[in-house]
Amino acid sequence: AYTGIVQFAIWATDGTVNDAEDYDFFIDEFIVRTPLACTSSVVDASAVSEDCANTQFFVNVDITTVGDATQISDGTNTYPITGIGVLPVGPFPSGATATLSVVHSDPACDFNLGDFTFTCPPPNDDFANAIPISCGSTYTGSTAGATIDEDDAPDGVNADLDTQNIWYSYTGSGAPEDVTLSTCGVVNTDYDTEALIYTGTSGNLTLVAEGYDECGGSAEGFHFETTLSLIHI
């Protein structure tokens, strides 16, 4: 048996021995391989399993045929394959991308499982876990990994809840006051921000104010600033 690259020449002739009348040319190279000597494993599915309590995730690899497979590799670490079933691979930090491959005793049977990425939602992803804020303070947050919560709450004229959101809560002092919320001029904020301000409880929210592009256009990152008046009743 032969494994390697071979090249075929094809020519035409007019039936004479005059080489000048013959026409020859080459076509592309062909790769000839012998049958694989190893038995490839079979993976039914691979799925992310979150462990956000520890800000990390695993990838569950469901191996239905082991074959000559020995381990799963992420390029740095390896995870031994001991039999059929689900093999938890990881952990990987939240927000990371894990590129996994199945390694065999014969590299000819190795294959890639693909890239797996997962970002844990922020702690204030849900209305019930809104972070309390106070006047005069600055807060940093991110919607990376966030979901859409309370999507049945009313939208504003411009701002709406059609994308991932995070929640903050504010309790007034009991005296009449004007409260301003703003992301204007915030450094390292290079994305559009919007705000919807509600009163009420989960599933029964009333819109009282919204913020949408008050700081200007692209030069200000389409940031918002809104002021609401609180009164004591």
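Only a predicted model underlies this, so the values are computations on that prediction, with no experimental measurement involved. Sequential numbering from 1 along the given sequence is applied to the chain's residues.
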Please name the pair of heavy atoms, one in [X] and one in [Y], separated by the smallest distance, quoted to 0.1 Å.
X: Tyr212; Y: Ala159; answer: CD1-N, 3.9 Å
X: Thr226; Y: Ala209; answer: OG1-CB, 4.1 Å
X: Ile133; Y: Tyr168; answer: CG2-CD2, 3.6 Å
X: Gly83; Y: Val66; answer: C-CG2, 3.5 Å
X: Leu207; Y: Gly156; answer: CD2-CA, 3.5 Å
X: Ala144; Y: Pro122; answer: O-CD, 3.6 Å

side-chain contact (heavy atoms from CB on, under 4.5 Å) between Tyr139 and Ser134, intermediate numbers included: CA-CA 10 Å; Tyr139 298 86; Ser134 59; 3.4 Å; yes
Give, for atom [atom1] of [X] and atom [atom2] of [Y], the distance between the pair rounded to the nearest 0.5 Å.
X: Leu205; Y: Asp152; atom1: CG; atom2: CG; answer: 7.5 Å
X: Ser105; Y: Asp68; atom1: OG; atom2: CG; answer: 4.0 Å
X: Ser101; Y: Asn112; atom1: OG; atom2: CG; answer: 5.5 Å
X: Gln56; Y: Phe92; atom1: CD; atom2: CZ; answer: 10.5 Å
X: Thr193; Y: Leu181; atom1: OG1; atom2: CG; answer: 11.0 Å
X: Asn158; Y: Phe224; atom1: CG; atom2: CZ; answer: 13.5 Å

Would you confirm whether [X], through its side chain, and [Y], through its main-chain N or O, come within 3.5 Å as a donor-acceptor pair?
X: Asp74; Y: Asn77; result: yes
X: Glu50; Y: Cys120; result: no
X: His223; Y: Ser182; result: no
X: Asp126; Y: Ala128; result: no

Tell me, do [X] and [Y] make a side-chain contact under 4.5 Å, heavy atoms counted?
X: Ser73; Y: Tyr79; answer: no
X: Ser46; Y: Phe116; answer: yes
X: Glu210; Y: Val157; answer: yes
X: Tyr198; Y: Thr206; answer: no
X: Leu113; Y: Val43; answer: yes
X: Pro121; Y: Cys52; answer: yes
X: Val102; Y: Ile72; answer: yes

Full working for side-chain contact (heavy atoms from CB on, under 4.5 Å) between Thr180 and Glu225: CA-CA 7 Å; Thr180 298; Glu225 182 170 282; 3.8 Å; yes
Verify the distance criterion only: is there a donor paired with an acceptor across the side chains of [X] and [Y] at less than 3.5 Å?
X: Thr99; Y: Asp115; result: yes
X: Glu150; Y: Ser202; result: yes
X: Asp44; Y: Thr64; result: no
X: Thr147; Y: Asp125; result: yes

Answer with yes or no whether the hydrophobic clustering places [X] together with [Y]; edges join I, L, V, M, F, W, Y residues whose side-chain heavy atoms lie under 4.5 Å apart.
X: Phe58; Y: Val86; answer: no
X: Val89; Y: Val42; answer: no
X: Val59; Y: Ile84; answer: yes
X: Leu87; Y: Val48; answer: yes
X: Val103; Y: Ile63; answer: no

Ser40 and Phe111: CA distance, side-chain angles, deciding distance, side-chain contact (heavy atoms from CB on, under 4.5 Å) verdict: CA-CA 9 Å; Ser40 178; Phe111 61 88; 3.7 Å; yes
Over 12 foreign heavy atoms within 6.0 Å of CD1, Ile131: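 Enclosed: over 12 neighbouring heavy atoms sit under 6.0 Å from CD1 of Ile131.
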Whether Phe127 and Trp167 hold their rings parallel, tilted or perpendicular, with breakpoints at 30° and 60°: perpendicular
